[in-house]
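Remarks on the structure that follows.
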Amino acid sequence: MTLCFLDTETTGLGDECDVWEIGLIRRESSGDDVEYAWRLCPNMATAEPTGLRIGRYYERVGAVLPTWGPGYGHLVTPDAHVEDRGMGEARFIARDVARLLDGATIVGAVPDFDTHHLGRFLRQYNQCGTWHYHLVDVETYAAGALRMP
(Lines give C-alpha, C1' and ligand atoms only; values in the text may rest on other atoms or scores of the structure.)
Protein backbone atom coordinates (compact mmCIF):
# COMPACT_ATOMS: atom_id res chain seq x y z
CA MET A 1 0.00 0.00 0.00
CA THR A 2 1.25 3.46 -0.89
CA LEU A 3 0.39 6.23 1.55
CA CYS A 4 0.39 9.92 0.69
CA PHE A 5 0.27 12.41 3.54
CA LEU A 6 -1.43 15.36 1.87
CA ASP A 7 -2.14 18.97 2.72
CA THR A 8 -3.37 21.77 0.50
CA GLU A 9 -3.75 25.47 1.11
CA THR A 10 -6.54 27.27 -0.69
CA THR A 11 -7.72 30.83 -1.21
CA GLY A 12 -10.85 30.14 0.83
CA LEU A 13 -13.26 27.56 2.14
CA GLY A 14 -15.81 27.50 -0.69
CA ASP A 15 -16.00 25.54 -3.93
CA GLU A 16 -14.70 28.38 -6.11
CA CYS A 17 -11.43 28.71 -4.21
CA ASP A 18 -8.10 27.91 -5.81
CA VAL A 19 -5.36 25.69 -4.47
CA TRP A 20 -2.22 27.75 -3.94
CA GLU A 21 -0.05 25.16 -2.19
CA ILE A 22 0.20 21.38 -2.40
CA GLY A 23 2.34 19.47 0.06
CA LEU A 24 2.66 15.72 0.12
CA ILE A 25 4.86 13.03 1.53
CA ARG A 26 4.68 9.79 -0.42
CA ARG A 27 5.49 6.67 1.57
CA GLU A 28 6.45 3.87 -0.74
CA SER A 29 5.76 0.22 0.06
CA SER A 30 9.51 -0.06 0.79
CA GLY A 31 9.03 2.39 3.68
CA ASP A 32 10.93 5.22 1.97
CA ASP A 33 9.40 8.70 2.20
CA VAL A 34 9.70 11.32 -0.53
CA GLU A 35 8.58 14.88 0.17
CA TYR A 36 7.09 17.25 -2.41
CA ALA A 37 5.69 20.78 -2.24
CA TRP A 38 4.45 23.19 -4.90
CA ARG A 39 3.17 26.77 -4.76
CA LEU A 40 0.75 27.86 -7.43
CA CYS A 41 -0.49 31.22 -8.65
CA PRO A 42 -4.16 31.40 -7.60
CA ASN A 43 -7.01 33.46 -8.97
CA MET A 44 -7.25 36.18 -6.33
CA ALA A 45 -10.53 37.48 -7.81
CA THR A 46 -12.35 34.61 -6.05
CA ALA A 47 -10.17 34.57 -2.91
CA GLU A 48 -11.76 34.79 0.53
CA PRO A 49 -9.90 36.76 3.24
CA THR A 50 -10.59 34.07 5.84
CA GLY A 51 -9.02 31.34 3.71
CA LEU A 52 -5.97 33.46 2.99
CA ARG A 53 -5.50 34.16 6.71
CA ILE A 54 -5.89 30.48 7.67
CA GLY A 55 -3.10 29.47 5.26
CA ARG A 56 -1.02 32.61 6.04
CA TYR A 57 -0.86 33.28 2.29
CA TYR A 58 0.90 36.66 2.26
CA GLU A 59 3.26 35.70 5.07
CA ARG A 60 4.33 32.48 3.36
CA VAL A 61 4.40 33.56 -0.29
CA GLY A 62 6.18 36.84 0.38
CA ALA A 63 8.36 38.42 -2.29
CA VAL A 64 7.84 35.59 -4.79
CA LEU A 65 4.26 36.69 -5.51
CA PRO A 66 4.88 39.60 -7.95
CA THR A 67 6.86 37.42 -10.37
CA TRP A 68 4.09 34.85 -10.80
CA GLY A 69 1.60 34.70 -13.61
CA PRO A 70 -1.63 32.75 -14.07
CA GLY A 71 -1.15 29.06 -14.71
CA TYR A 72 2.31 28.87 -13.14
CA GLY A 73 3.80 27.56 -9.94
CA HIS A 74 7.06 26.75 -8.21
CA LEU A 75 8.54 23.62 -6.75
CA VAL A 76 9.44 24.39 -3.13
CA THR A 77 12.39 22.77 -1.35
CA PRO A 78 11.98 21.11 2.08
CA ASP A 79 13.45 24.23 3.71
CA ALA A 80 10.60 26.28 2.12
CA HIS A 81 12.68 28.10 -0.49
CA VAL A 82 11.60 28.36 -4.08
CA GLU A 83 13.73 26.27 -6.40
CA ASP A 84 16.13 28.25 -8.56
CA ARG A 85 14.93 26.31 -11.59
CA GLY A 86 12.22 28.92 -12.09
CA MET A 87 8.54 28.63 -12.71
CA GLY A 88 6.77 25.62 -14.09
CA GLU A 89 3.48 25.45 -15.86
CA ALA A 90 0.62 24.39 -13.61
CA ARG A 91 -0.44 21.78 -16.16
CA PHE A 92 2.85 19.94 -15.60
CA ILE A 93 2.48 20.25 -11.84
CA ALA A 94 -1.04 18.77 -12.16
CA ARG A 95 0.33 15.89 -14.21
CA ASP A 96 3.05 15.17 -11.64
CA VAL A 97 0.63 15.35 -8.70
CA ALA A 98 -1.89 13.08 -10.43
CA ARG A 99 0.82 10.47 -11.08
CA LEU A 100 2.14 10.62 -7.52
CA LEU A 101 -1.33 10.14 -6.04
CA ASP A 102 -2.47 7.41 -8.44
CA GLY A 103 -3.79 4.51 -6.35
CA ALA A 104 -2.40 5.95 -3.10
CA THR A 105 -4.28 6.08 0.17
CA ILE A 106 -4.47 9.71 1.24
CA VAL A 107 -3.84 10.61 4.88
CA GLY A 108 -4.46 14.08 6.25
CA ALA A 109 -6.40 16.45 8.45
CA VAL A 110 -9.83 16.79 6.79
CA PRO A 111 -8.62 14.99 3.64
CA ASP A 112 -12.05 15.35 2.01
CA PHE A 113 -11.47 19.12 1.77
CA ASP A 114 -8.01 18.62 0.29
CA THR A 115 -9.07 16.00 -2.25
CA HIS A 116 -12.14 18.01 -3.29
CA HIS A 117 -10.09 21.09 -4.14
CA LEU A 118 -7.15 19.12 -5.51
CA GLY A 119 -9.51 17.16 -7.78
CA ARG A 120 -10.88 20.45 -9.12
CA PHE A 121 -7.32 21.69 -9.77
CA LEU A 122 -6.39 18.47 -11.58
CA ARG A 123 -9.49 18.57 -13.80
CA GLN A 124 -8.68 22.16 -14.74
CA TYR A 125 -5.51 20.81 -16.38
CA ASN A 126 -7.06 17.69 -17.94
CA GLN A 127 -5.96 15.30 -15.17
CA CYS A 128 -7.96 13.18 -12.74
CA GLY A 129 -7.50 12.22 -9.10
CA THR A 130 -7.26 8.42 -9.06
CA TRP A 131 -6.26 7.97 -5.43
CA HIS A 132 -7.85 5.24 -3.31
CA TYR A 133 -11.42 6.09 -2.36
CA HIS A 134 -10.88 5.49 1.37
CA LEU A 135 -9.41 8.63 2.92
CA VAL A 136 -7.70 8.54 6.32
CA ASP A 137 -8.54 11.49 8.58
CA VAL A 138 -5.91 11.72 11.32
CA GLU A 139 -8.17 13.96 13.43
CA THR A 140 -10.73 11.16 13.69
CA TYR A 141 -8.05 8.68 14.77
CA ALA A 142 -6.63 11.14 17.29
CA ALA A 143 -10.07 11.81 18.78
CA GLY A 144 -10.62 8.07 19.20
CA ALA A 145 -7.20 7.54 20.75
CA LEU A 146 -7.83 10.43 23.18
CA ARG A 147 -11.34 9.11 23.93
CA MET A 148 -12.90 12.40 22.93
CA PRO A 149 -16.69 12.49 22.48
Side-chain angles (χ1 to χ4, degrees), residues 1-62 64-65 67-83 85-143:
M1 172 189 298
T2 300
L3 298 176
C4 280
F5 301 88
L6 175 70
D7 186 40
T8 62
E9 298 298 341
T10 63
T11 59
L13 305 176
D15 282 342
E16 297 303 313
C17 299
D18 284 348
V19 172
W20 64 266
E21 186 173 67
I22 303 166
L24 70 89
I25 299 170
R26 182 179 162 97
R27 177 163 294 158
E28 303 293 341
S29 54
S30 65
D32 294 332
D33 290 346
V34 183
E35 186 176 334
Y36 302 88
W38 298 269
R39 290 213 180 120
L40 302 155
C41 182
N43 177 3
M44 297 302 276
T46 58
E48 300 170 3
T50 301
L52 295 175
R53 280 193 301 272
I54 288 170
R56 301 182 348 261
Y57 178 77
Y58 288 107
E59 175 187 333
R60 294 176 62 210
V61 171
V64 176
L65 181 65
T67 66
W68 290 8
Y72 287 89
H74 294 277
L75 180 65
V76 181
T77 63
D79 59 356
H81 289 92
V82 173
E83 284 278 327
R85 294 185 299 187
M87 293 183 291
E89 290 186 52
R91 65 188 175 122
F92 296 124
I93 294 170
R95 179 200 61 202
D96 292 345
V97 169
R99 286 182 181 162
L100 287 167
L101 294 176
D102 181 40
T105 298
I106 293 182
V107 181
V110 194
D112 183 59
F113 178 88
D114 293 326
T115 56
H116 172 76
H117 287 86
L118 190 58
R120 198 170 147 265
F121 165 73
L122 294 177
R123 286 187 301 278
Q124 180 181 355
Y125 294 102
N126 203 31
Q127 299 296 324
C128 187
T130 56
W131 46 79
H132 194 278
Y133 63 94
H134 283 146
L135 306 175
V136 178
D137 188 337
V138 295
E139 292 175 348
T140 302
Y141 281 99

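Since the model is a prediction, treat every value here as computed from it, not as a measurement.
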Is there side-chain contact between V97 and I22, with at least one heavy-atom pair below 4.5 Å? yes
For R91 and Q127, indicate whether the former's side chain and the latter's backbone hold a donor-acceptor pair under 3.5 Å. no
Within the structure provided, determine whether L52 and M44 are in side-chain contact (heavy-atom separation under 4.5 Å). yes
Counting distance only, does the side-chain N/O of E48 pair as donor-acceptor with the main-chain N or O of L13 below 3.5 Å? yes
Can you tell if the side chain of Y125 reaches within under 4.5 Å of the side chain of R95, non-hydrogen atoms only? no
Could you check if a side-chain atom of T105 sits within less than 4.5 angstrom of a side-chain atom of H134, using non-hydrogen atoms only? no
Which heavy-atom pair separates T115 from L6 by the least distance, and what is that distance? CG2-CD2, 4.3 Å
Is it the case that the side chain of R60 and the backbone of G55 share a donor-acceptor pair, with hydrogens and angles ignored and the cut-off at 3.5 Å? yes
May I ask you to decide if the ring planes of H117 and F113 are parallel, tilted or perpendicular, using 30° and 60° as cut-offs? tilted
Residues D18 and T11: side-chain donor-acceptor under 3.5 angstrom: no
When rounded to the nearest 0.5 angstrom, what is the spacing between OG1 in T10 and CG in L118? 11.5 Å
Roughly how far, to the nearest 0.5 Å, is CG of D33 from CZ of R26? 11.0 Å
Nearest atoms (heavy-atom pairs only) where L122 meets A94: CD2-O, 3.3 Å
What is the distance from atom OH of Y36 to atom CD1 of I93, rounded to the nearest 0.5 Å? 14.0 Å
Ignoring hydrogens, what is the shortest heavy-atom contact between D137 and A109? Give both atom names and the distance. OD1-CA, 4.0 Å
Show the nearest heavy-atom pair for residues W20 and P42, with the distance to one decimal. CB-CG, 3.9 Å
Closest non-hydrogen atoms of C128 and A98, given as atom of the first, atom of the second and distance, are O-CB, 4.0 Å
Find out whether L24 and V34 are in side-chain contact, i.e. whether some heavy atom of one side chain is under 4.5 Å from a heavy atom of the other. no
Does any non-hydrogen side-chain atom of D15 lie less than 4.5 Å from one of H116? yes
Nearest heavy atoms of H132 and L135, plus distance in Å: O-CD2, 4.1 Å
Is there a side-chain contact (heavy atoms from CB on, under 4.5 Å) between L101 and T130 once you walk through the steps? CA-CA 7 Å; L101 294 176; T130 56; over 6 Å; no
